[in-house]
Amino acid sequence: MRKRIPFITAVFATLALANVATAQAPAPPSDLSVQDTPDDSGKSVDLQWSLSNTDIFNPLLADVTLVDPSTIVATYSVERITTLDANGKEVDGEDSQWRVITEAGAGDSSFVDRTVELGWTYNYRICAIDNQGDASNWVEATTTVVPEMQMFDSSKAWLAIFMLVFGGFVAYFINEARSGKTLWVRKIAGLEAIDEAVGRATEMGRPVLFVTGIQDINEIQTLAGLTVLSRVAKTAAEYGAQIEVPTCRSLVMAAARETVESAYLAAGAPDAYQPDKIHYLTDEQFAFVAGVTGYMVREEPAACIYMGGFYAESLILAETGNFIGAIQVAGTAMPSQLPFFVASCDYTLIGEEFFAASAYLSGDPLQIGSLKGQDYGKFFSVLILVIGLFFATTVSLTQSTESAGFGSGALGYINNNMLGSEGLGSFGGGNTDTEGDDS
Amino acid sequence: MFLAVTIPILFGTVFPEVVSKQAKMVFDSIDELPDGSNILLSYDFDPASQGELLPMAQAFTRHCSIKGHKQFYMALWPLGSPMVDLSIDTIESEYPNLVYGVDYVKFDYKAGGEAVIRMITQDLRGMFPMDSKGVPLDDIPLTKNIKNIQDMDLIVNVSAGDPGTKQWVQFAATPFGIKTVSGCTGVQAPQMYPYIPEQLAGVLGAIKAAAEYEAAIDEAYPSIADNPKAQEAKRRMGPQLVAHSLMIVLIIIGNWIFFVSRKRGLA
Amino acid sequence: MKRTVPLIIAIVAGFVLLIANFIPFAESWGLTAQEWFNILAVGAMILGGGNLLKLHLMKVSGQRKGWGYSVVTIVCFIATLIIGMFKMGVNPNPLTPDYAWSGYYLESGSGLWWIYQHMVVPLTSMMFAMLAFYVATAAFRAFRAKNTEATLLLITAGVVLLGRTYAGVWLFEGWLPESMQWLRFDNLTVWIMEIPNTGGTRAITIGIALGVVATSLRILLGVDRSYLGQD
């Protein structure tokens, strides 16, 4: 936009020098095209036009100072008429007349009309208006348009393919495991440490503190935290240790009670289950932290386990736990909080280890099968990443003013179709933007 | 640490700022829009992170007001709404020529986080039938013709966590190609860098970036440099310098103790 | 039965929403589900609030250790609830003066605004500010040159800490030749944040994203039921 400033200055200079011109209309815009917005539920129409020859933002103008100042375009007025409704009947009333839909500013050459109805027939026209209010001739769209609903959002085709491939890997390995094949999974030290921590708490006669993060039950991290809680509660019930679960959300409290109660039942100690040990504190982040750290300082739990989604409170919790000398195990998929847990806890489950925890702890071959599937999914992602990197490198090494570089078509396809929103499209057909995201 | 922070505050030392690439990108995103563009400002933070984020939020407000951009304020955090009020106070006291309902408007807090974003990308009125004063959107000149936030030229998000920048990127910026910039806390910033430049046009990470952004505004619009309130982030860089230096000293001492005790252990 | 019905709800809702993502016609279904969740969450608030009150009332009636604090909690809880719910001190909206309850709940000068401004703001800001001290103690312990990796971490931390302040520029002012300006700590910080840090974050993010998908699939396929209390 900055480049235009000298143009505008020049235009004003011309304006000052010119004699007062007689009222003249601006040149009309041209080539108004309308089409149904692709991949939507039939609630919008895309409009495009070429800028007027007296629009100073028109890049085709060789010299804007040649434009008669009295005809410089200020706005474009877009009007619409509704001809038929969804049943093919003629429309009467206000809609059957031309009516203004929008006033687009100078330099704008497209508009999305989102006030249309599915299945109705519309026609559009446009004119340019200058600062004196003089309007150009109307330019009507060559065709009418009917907004339609698409059954499948083809811009997400690649996402669907990735999901199917990934889901396929997971389902395949779950099936493998079901047929009796044993799958190996590496040892996760943090999870091994949980039993040890609960054991130590039992020996010392002190409670085990379990925090499921501060997110609500609809977050996957909270669910992952609850699966670990299920295991911790079972171990605690077997050892006869006391477990304390303060929660930041009411729904999490309700779910955690179910989890712990079942775990106690499974461990054969339903009488030892105390629902009041799983209690709601507050939704307010820092008030929750104050409550939990207060409990930690007063009761000095021997083991503190943090599994779930955490924010800034992670460090306050973990440092307080460190201060009271508890064994601490943490697990979270919050990249920003991982460093704090790593610095202050004895063991930390990093991101995907945390999600793998429930499968690992259950020892259930079906769940472990899903881990294997996940690994193949990761391999697949890395493969695409490497291919993308290869083409991005070759393009940047071989491109010149004459050629777009080796592999620019492939790179463009990866950028715009696989990672972008152009759907399956045709190979090499998209815009070959090599500056794209390299992820 | 207490003294390290208090002494520079009392002395009010302000250091010069060199505008980094990131701060420049954010500045340009707002500055290069034609005057009077529509900007959605979502304040997704609360008083806890006010110290880190309010100066940049105020800088966004001032920059948009100078440029005459149309400002639409909202909050995805319940306590973000009073933060928006602070920015509105700034507009009222420093830019009295701007009129509520014509140049800026405020929507109330709505619960739901990403669900709110998804809804307003389709239908603004579905989530906000009225502004925060209870006036229907069709009666406000500024919102009369806005159907959803795809009509915005830029989204400015000041974020201290979730829902915040990540959700704006996932549910507004990426699927609908709405240009978005973010101001976030220092711990969040590393997570935002991978979104640059395609999904985010720029990120201001913590008070340091806010100070650089203020410096960029000062440079382009020297009249604002005399306003002490517009130098808030720069003023906070003094305590940051001393506190960081103290931490380095602590780390050095920690290492010294570590080496000495290890040597003794060996001997 | 107690576990089967919730499991079926989870599986059906999960798959329907997954497919809805690809069908323009169903794009609003996710929003509807989210609205249902919000309604449930509000209902659960009563459960949570009730539980909080119950625990503290029990503590007070049993005069257990620290019951005085429980009294404070109960009084504050009930006072905030009443002041907020009845919009005490809130004037009616000037546009609809006939409706006494139409005012903005956090209107300047109202009861809830006062609690917010003079209690919530300073208290939460104080907790957040305490992070500075915790960061200092954690840094003191964590950044030790125990081995090569830890030493690298230590050096990086030093560069970033200084690069984030004026010291990063000032230390190199006047003597560093133009061609070596990239060595200035503020420039090095930008490089560290943009290249190694972004690379690392991307790797962790991709891992987490796949973990989320796999966990979601396990839950959707009913393989992982431990969140319902089943192994």
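Chain identifiers are assigned alphabetically (A, B, ...) following the order of the sequence lines, protein sequences preceding nucleic acid strands; residue numbering begins at 1 within each chain.
- In A/Lys43, the NZ atom is not crowded: 12 or fewer heavy atoms of neighbouring residues, nucleotides or ligands sit closer than 6.0 Å.
- For C/Met126, the CE atom is densely surrounded, since the number of other residues' heavy atoms within 6.0 Å is greater than 12.
- In this structure, the side chains of A/Leu223 and C/Ile219 come closer than 4.5 Å at one or more pairs of heavy atoms.
- For the residue pair A/Leu315 and C/Ala138, the shortest heavy atom distance occurs at CD1-CB, 4.0 Å.
- Of the residues considered (C/Ala26, C/Gly211, C/Gly200), C/Gly211 shows the highest number of contacts with chain A, using heavy-atom pairs under 4.5 Å.
- Both the backbone and the side chain of A/Asp276 have a heavy atom closer than 4.5 Å to some heavy atom of chain C.
- Residues C/Phe37 and A/Ile217 are in side-chain contact: their nearest non-hydrogen atoms beyond the backbone lie under 4.5 Å apart.
- Heavy-atom distances place both the backbone and the side chain of A/Asn218 under 4.5 Å from chain C.
- Counting heavy-atom neighbours within 6.0 Å of C/Phe15 CZ, excluding the residue itself, gives a total above 12.
- For C/Phe128, the ring-ring contact (aromatic ring centres under 6.0 Å, His included) partners at least two apart in sequence or on another chain are A/Phe286.
- Contact count versus chain C (heavy atoms, under 4.5 Å) is highest, among A/Leu226, A/Val170, A/Ile316, A/Val252, for A/Ile316.
- In this structure, the separation between CZ on C/Arg225 and OG1 on A/Thr227 is 14.0 Å, given to the nearest 0.5 Å.
- The closest side-chain heavy-atom distance from C/Arg218 to A/Leu371 is below 4.5 Å.
- A 4.5 Å side-chain heavy-atom check between C/Phe22 and A/Met163 finds at least one atom pair inside the cut-off.
- Chosen from C/Asn21, C/Ile204, C/Ile46, C/Leu40, the residue pairing most often with chain A at heavy-atom distances under 4.5 Å is C/Asn21.
- For a residue to count as touching a neighbouring chain, one of its non-hydrogen atoms must lie under 4.5 Å from one of that chain's; by this rule A/Ile220 touches chain C with the side chain only.
- Between A/Pro335 and C/Ile208 the shortest heavy-atom distance is CG-CD1, 4.1 Å.
- Heavy-atom minimum distance, C/Pro24 versus A/Asp153: CD-N, 3.7 Å.
- The parts of C/Ile23 that come within reach of chain A are both its backbone and its side chain, each placing non-hydrogen atoms under 4.5 angstrom from that chain.
- Contact count versus chain C (heavy atoms, under 4.5 Å) is highest, among A/Ala333, A/Gly369, A/Gly351, A/Ala290, for A/Ala333.
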Test side chain to side chain contact (heavy atoms under 4.5 Å, CB included) applied to C/Leu221 and A/Leu366, step by step
CA-CA 11 Å; C/Leu221 297 172; A/Leu366 295 187; over 6 Å; no
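- The candidate with the highest count of non-hydrogen atom pairs below 4.5 Å against chain C, out of A/Val289, A/Leu229, A/Leu159, is A/Leu159.
- Environment of OH in A/Tyr376: sparse, with no more than 12 heavy atoms of neighbouring residues, nucleotides or ligands closer than 6.0 Å.
- With a 4.5 angstrom heavy-atom cutoff, A/Arg178 does not touch chain C via any of its atoms.
- Most heavy-atom pairs under 4.5 Å with chain C: of the set A/Ile174, A/Asn322, A/Ile350, this distinction falls to A/Asn322.
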Run the side chain to side chain contact (heavy atoms under 4.5 Å, CB included) test on A/His279 and C/Leu52 for me, step by step, so that the C-alpha distance in whole Å, both residues' side-chain angles and the decisive distance to 0.1 Å come before the verdict.
CA-CA 7 Å; A/His279 54 96; C/Leu52 186 81; over 6 Å; no
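- Among residue pairs with one or both ends in residues 120-140 of chain C, those qualifying as side-chain hydrogen bond (donor to acceptor under 3.5 Å, both in side chains) are A/Glu319-C/Thr137; sequence neighbours excluded.
- For A/Phe323, the CZ atom sits in a loose shell: 12 or fewer heavy atoms of surrounding residues, nucleotides or ligands are nearer than 6.0 Å.
- For residues 53-76 of chain C, the interface with chain A (any heavy-atom pair closer than 4.5 Å) comprises C/Lys54, C/Leu55, C/Met58, sorted by residue number.
- For A/Leu361, no part lies near chain C; criterion is any non-hydrogen pair under 4.5 Å.
- In this structure, A/Ala312 and C/Leu131 approach most closely via the heavy-atom pair O-CD2, 3.5 Å.
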Determine, step by step, whether C/Leu210 and A/Ser381 satisfy the side chain to side chain contact (heavy atoms under 4.5 Å, CB included) criterion, reporting the C-alpha distance in whole Å, the side-chain angles of both residues, the deciding distance to 0.1 Å, and the verdict.
CA-CA 9 Å; C/Leu210 292 172; A/Ser381 313; 4.0 Å; yes
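- Annotation: side chain of C/Val212 is not in contact with side chain of A/Gln221 (no heavy-atom distance under 4.5 Å).
- The part of A/Glu284 that comes within reach of chain C is its side chain, from C-beta onward, which places non-hydrogen atoms under 4.5 angstrom from that chain.
- The heavy-atom pair separating C/Gly48 from A/Ser250 by the smallest distance is CA-OG, 3.6 Å.
- Checked by atom type and distance alone, the side chain of A/Ser41 never pairs as donor or acceptor with a backbone atom of C/Phe25 at under 3.5 Å.
- Between the side chain of C/Asn51 and the backbone N or O of A/Tyr280, at least one donor-acceptor pair lies under 3.5 Å.
- Looking at C/Leu18, only its side chain comes within 4.5 Å of chain A, counting heavy atoms on both sides.
- Sorted by first and then second residue, the pairs that involve residues 348-364 of chain A and meet salt bridge (Lys or Arg N to Asp or Glu O under 4.0 Å), not counting sequence neighbours, are A/Arg186-A/Glu353, A/Glu352-A/Lys378.
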